[in-house]
Amino acid sequence: MDYKDLANLIFPNSKDISYYEEKYPERDLKEGAIVTRIAPSPTGVMHMGGIYQALIAKTVARQTEGVFFLRIEDTDQKREIENGTQEIVTACETFGLTPDEGRTADDKDNGNYGPYKQSLRKEIYQAYAKYLIEQGKAYPCFCTPEDGEALRAKQEAAKVRPGYYGVWAKCRNITVEEAIEKIKAGEKYIIRFKSPGREDRKIKHHDIIKGNVTFPENDQDIVIIKADGLPTYHFAHIVDDHLMRTTHVIRADEWLSSVPLHLQLFHEMGFKTPKYAHIAPIMKNDNGNKRKLSKRKDPEAAASYYDEVGIPALAVREYLLNIANSSFENWRRANKDASIEDFDFKLNKMSVSGALFDMVKLQDVSKIVISKYTAEEVYNEALKWAKKYDKELEEMLADKEYALKVLGIERGNKKPRKDIAKWSDVKENINYMYDDKFYSEKPEYNYQVINEKEDIDTILKEYIENYYDDNDDKQTWFNKIKELSGKLGYAKEVKEFKANPDAYKAHVGDVSTVLRVALTRRTNTPDMYEIMQVLGKDRIAKRFEKAKEN
Ligand code: GLU
C-alpha cells in the first residue's frame with residue numbers, strides 16, 4: 001500500500017487537480033497587470049484597516065489594468081457573524097471600492113474564478129490536500145486535543161519551542177498501513193502538512209513594503225484540513241490565490257511572520273509564488289502615544305462611522321491615499337483639481353511602521369472635497385444622509401429650490417466656502433437661513449466692537465431704509481455700506497481708521513459686523529451679500545426689527 005491508497009481512502013471522490021487547473025486558467029491580462037484581492041473574514045464589523053487595504057488593492061489593480069477581487073474567508077465558522085458578508089460588500093460599495101470581481105452578496109458571485117467564498121470551495125481544497133497526501137507531503141494526524149495538551153506540557157518542561165514539528169510530530173512517522181488501519185477503525189483525524197523545513201536554516205524574502213526580511217525556515221507541520229473537513233487559512237489562501245491567479249497578496253502585516261510557511265506551501269504544491277506586500281496597521285496619536293487605531297476605543301475605526309456622521313467616501317479615499325504615500329500632499333498641492341485616480345500611487349513607498357490617522361486632518365480634506373461640490377451635489381448628498389439620520393434636516397431640505405439657494409451661497413466660485421466637513425454639519429451651518437429655526441433660537445447678539453444700543457439701532461434703521469436694495473450688484477451693495485459708515489461717523493476704509501483711530505467711532509468692518517450679527521446672530525458666515533440676496537429685503541427688515549428688540 002502506498003500514499004495513493006491512503007489519499008484515495010481519505011478523499012475518495014476528489015477530482016484530479018488538473019480539472020481545477022484547467023477550469024481556472026491563467027488570466028489574459030497585459031504584462032505587469034496586478035491581480036489582487038481583499039480576503040476578509042465575515043467575523044465582525046468592517047474596520048478602517050480593511051477599507052485601507054481595499055483602497056490600496058483597488059488602486060494598484062486599476063493602475064496596472066489588473067483585477068481587484070473580493071474573497072470571503074469563512075472557514076472559521078464558529079466566529080462568523082450574521083450578515084458578515086453583506087457588511088463587507090456594503091462597506092466596499094459605500095466607500096466607492098466595489099471590487100471588479102468576487103462575492104457580491106451573501107449568495108452571489110461575479111467572475112470566472114469563483115466561488116469566492118471559501119466554505120463553498122471545500123471540494124477544491126480537498127482535491128489539493130489529496131494531491132499532497134499522494135506525494136507524501138501531507139498526512140493524517142490522529143492526535144486528540146488531550147495529546148496536544150500533553151505535547152505542550154512536555155515541550156514546556158523540556159524548554160523547547162512549542163508546536164507540532166520534527167521529533168515532536170508524532171503522526172508524521174506513522175506508516176501508510178497503520179494510518180489506513182486507524183481510519184478504517186473509525187479514528188478521528190485531521191490533515192497536516194509535512195514540512196520539509198529546518199528551523200536552523202534561514203530564508204530571505206523581499207516584501208514590497210517591508211523590504212528584505214530574513215526568517216528561520218518553517219518546520220511546523222501545520223494543520224491544512226480541520227476535523228470539519230474545511231481548510232485552515234494558511235492552506236486555503238494558498239490554493240485560492242493560486243487558482244484565482246493572484247499576482248500580489250496585499251494584506252495586514254500580522255501575517256508577515258507566516259511568510260516562510262506560505263512560501264514553503266506554494267513551493268511544495270508546485271505553484272508560482274505571488275508577490276507579498278504587508279501593510280502596517282493604521283495608527284493614531286493618543287495623547288502623544290502612537291498606537292493602533294482600535295475598534296474598541298475609537299469610533300472612527302469602524303467603517304460605518306463615516307456614513308453615520310456623513311463624511312463623503314471620496315474624502316475618506318483621498319485622506320487614506322494621503323497617509324498611504326507621503327508624496328500625495330505635494331502632488332495635491334500641485335494638482336488641486338485633479339482626480340485622485342491620477343495620483344501615481346506606489347505600493348513600495350508605503351510606511352513600514354504604520355500611517356498616522358488623524359480625524360482633524362481628514363475633516364480638513366473633507367472640507368476641501370465638499371467645497372468642490374455643486375449646490376445640487378451638496379443638496380443630494382445631504383438629503384440622502386438626512387433621510388437616514390436626521391429628520392429635522394430632511395424637513396429643512398424639503399423645499400429644494402430654497403435649499404439650493406442657501407447651499408449655493410459662496411459655491412461654484414474661485415474661493416468656495418469650506419465650512420462643511422460632513423453632512424451632519426449642514427444643519428448647524430444653514431439653520432439661520434430658515435426663519436422658523438432662526439426665530440426659535442435664543443436671541444443673543446454679540447456685535448463685537450460697536451455695542452451701544454443706540455448706535456446699533458441707527459445703523460440697522462438707516463441701512464434698511466436708505467441703503468439696501470435687492471437689485472444692487474455686489475460692488476454697489478458694498479459701496480453703500482461704506483457710504484452708510486461715512487455718514488454715521490465710522491471710517492469708510494479700515495486703513496483710514498488705522499491711520500487716525502481717534503477721528504472715528506469705528507470702521508466699515510465693524511458696521512458690517514453689526515449687520516451680519518443682526519441678520520444671522522453669527523460673527524462668522526459665508527458672504528453677507530449672498531445671504532442678503534437669498535433672504536430678500538422683507539426678511540432682512542424683520543430680522544433687524546427683532547435685533548432692535550434686544
Ligand atoms: N482572512 C485573512 C484576514 O482576514 C486574510 C488575510 C489575507 O489577505 O490573506 O486576515
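What you see is a predicted model, and the numbers here were worked out from it, not measured in a lab. Because only heavy atoms are used, hydrogens play no part in the values below, and waters and symmetry mates are left out as well, while side chains stay in. For ligands, and for the atoms within them, numbers begin at 1 and follow the listed sequence.
Applying the side-chain hydrogen bond (donor to acceptor under 3.5 Å, both in side chains) test to every pair with at least one member in residues 302-318, sequence neighbours left out, gives these pairs: D307-K388, D307-Y389, E318-R332.
Panel note: side chain S371, backbone I368; a donor-acceptor pair is recorded below 3.5 Å.
Listed by chain and residue number, D390, E392 satisfy the side-chain hydrogen bond (donor to acceptor under 3.5 Å, both in side chains) test with K427 (two or more places apart in sequence, or in another chain). Checked against salt bridge (charged side-chain N to carboxylate O under 4.0 Å, His left out), R245 has the following partners two or more places apart in sequence or in another chain: E21, E26.
Figure legend: R192 and Y164 shown as a cation-pi pair, the cationic atom lying under 6.0 angstrom from the six-membered ring centre and within 45 degrees of its axis.
Closer than 4.0 angstrom to ligand 1 sit non-hydrogen atoms from R37, A39, P40, S41, E73, Y233, R251, W255.
Atom CZ of R291 is surrounded by more than 12 heavy atoms from other residues, nucleotides or ligands within 6.0 Å.
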